[in-house]
Amino acid sequence: MRLENAVAADVLERILSAYGFTMQKELSDKLGIAKSNVASWLQRGQVPGNVLVQCALDTGVDVQWLVTGVFANANLSSENSILHPRKSLTTSIISGKLLIERMLHSGGKTVLERILKAYGFNTQKQLSDYLGISTGTISTWIRRQYFPSEVVIACSLDTGASLYWLATGAIGYSSKDISENSVSILKMSITSGILKEMGTWISDLTFLPENHHDLRYIEKNRNSWIVDFSKNTFENGKALISVDDIHDIYDVARLPGRRLLLSGANSKFECGIDEVLCVGVVIKTIIGK
């Protein structure tokens, strides 16, 4: 089912239901847009694809249900996965603004490669023929680093590929793969001072402290750290620091006069607080053997 054939009013109602909202104002606040934008969807008769992707990944609801309403008359009990993200195949460990930023940074060539892989196509021509769009349109995605949200949704519905993986490049999780008390977070490594994505890392929820957001699992040599990327202020303790775009984990000590004492594995130095960048705060250290 193509998105333009979906009834906008029904789709909007399902989005509000997924978030647990009763008013369009609540949704506009959640998405960080004007309430008039939501009203304009009804006037145009179409809800933007990126909103559907964000809702599915924010709440864990089935994107097919959002688009088609297939499960609208199903028994929405506590055992139903549509409204219970912990049981969904598309639940995301990040949400809201952070999720949108991750999606937009996964556009262009990277998202196209995932779409081609999901369909089993080798060329852009095969994809253009299948979707009925021009190869020039697909080339535009690459040139402009564009995130084709509607195609991402169509691909997920067509192929069964994880919406989370298609949208962000990270491996999603399902209740079939890990327990309900587990969570998947982005895994990264530090190599020659460069942060590189390395897939995902699965942990029991009890291992991670509460009230933290946008967590990353960072590896370097045999050691690893859980880092909260939403915290970017310098505090006494450990942090992921960028010094002239070179990343490393440092022990941080605040000094008078907006100065810092940074102690790393191979260096120790003093600097001004404005001379380096705090990428995230370490909330747990895992020492390798």
Side-chain angles (χ1 to χ4, degrees), residues 57-60 85-86 91-103 105-106 164-165 168-173 177-255 258-289:
L57 298 185
D58 271 350
T59 66
R86 299 300 305 167
T91 305
S92 170
I93 186 59
I94 56 175
S95 63
K97 181 180 178 182
L98 293 173
L99 175 59
I100 285 294
E101 290 176 352
R102 179 71 184 275
M103 286 164 49
H105 281 91
S106 298
Y164 185 45
W165 172 73
T168 67
I171 299 173
Y173 63 84
D177 301 324
I178 59 178
S179 76
E180 209 174 308
N181 294 320
S182 300
V183 69
S184 172
I185 66 176
L186 182 64
K187 179 180 179 181
M188 308 182 80
S189 69
I190 301 176
T191 305
S192 300
I194 306 299
L195 274 177
K196 297 182 179 179
E197 293 190 10
M198 302 293 291
T200 56
W201 180 75
I202 297 173
S203 169
D204 191 284
L205 282 174
T206 59
F207 182 75
L208 302 177
E210 296 180 357
N211 302 320
H212 286 276
H213 309 283
D214 197 18
L215 298 180
R216 313 286 175 92
Y217 178 84
I218 308 295
E219 286 184 329
K220 182 185 177 185
N221 300 326
R222 295 185 177 181
N223 296 327
S224 53
W225 303 265
I226 307 298
V227 179
D228 188 343
F229 272 48
S230 70
K231 296 184 178 295
N232 308 115
T233 56
F234 288 102
E235 305 170 356
N236 291 328
K238 288 186 180 292
L240 175 61
I241 306 293
S242 174
V243 181
D244 296 328
D245 295 325
I246 301 299
H247 296 77
D248 207 346
I249 300 292
Y250 290 92
D251 287 305
V252 180
R254 292 289 301 263
L255 302 175
R258 293 179 58 80
R259 304 286 294 173
L260 301 170
L261 178 62
L262 301 183
S263 304
N266 302 309
S267 63
K268 182 176 182 179
F269 60 94
E270 186 178 324
C271 65
I273 199 170
D274 297 322
E275 296 176 340
V276 295
L277 175 67
C278 179
V279 180
V281 173
V282 173
I283 62 172
K284 191 176 285 289
T285 298
I286 305 168
I287 304 296
K289 295 182 179 181

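Nothing here was measured: the structure is a model prediction, and the numbers come from that model. Computed over heavy atoms, backbone and side chain alike; hydrogens, waters and symmetry mates excluded. For the single chain, residues carry numbers from 1 onward in sequence order.
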Open item on the list: Trp225 vs Leu240, test: side chain to side chain contact (heavy atoms under 4.5 Å, CB included). Steps then yes/no.
Closed with: CA-CA 9 Å; Trp225 303 265; Leu240 175 61; over 6 Å; no
Task: Audit row: Lys220, Ile218, side chain to side chain contact (heavy atoms under 4.5 Å, CB included) steps and yes/no - done: CA-CA 7 Å; Lys220 182 185 177 185; Ile218 308 295; 5.8 Å; no
Task: Test side chain to side chain contact (heavy atoms under 4.5 Å, CB included) applied to Ile283 and Leu215, step by step - done: CA-CA 9 Å; Ile283 62 172; Leu215 298 180; 3.6 Å; yes
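The two residues Glu275 and Cys271 come nearest to each other via the heavy atoms OE1-CB, 3.2 Å. Tyr217 approaches Ile185 most closely through the heavy-atom pair N-CD1, 3.8 Å.
For the atom pair OG1 (Thr191) and CD (Glu219), the distance works out to 9.5 Å, reported to the nearest 0.5 Å. The distance from the CD1 atom of Ile249 to the CD1 atom of Ile190 is 4.5 Å, given to the nearest 0.5 Å. With rounding to the nearest 0.5 angstrom, the OG1 atom of Thr285 is 9.0 Å from the CD1 atom of Ile226. Distance check, rounded to the nearest 0.5 Å: CG of Leu277 to CG of Asn232 gives 7.0 Å. A distance of 8.0 Å separates CD of Glu235 from SG of Cys278, quoted to the nearest 0.5 Å. To the nearest 0.5 angstrom, Thr233 atom OG1 is 8.5 Å from Arg254 atom CZ.
Using a 4.5 Å heavy-atom threshold, the side chains of Leu260 and Tyr250 count as separate. A 4.5 Å side-chain heavy-atom check between Leu262 and Val252 finds at least one atom pair inside the cut-off.
Within the 3.5 Å criterion, the main-chain N or O of Gly193 finds a donor-acceptor partner in the side chain of His247. Within the 3.5 Å criterion, the main-chain N or O of Asn223 finds no donor-acceptor partner in the side chain of Asn221.
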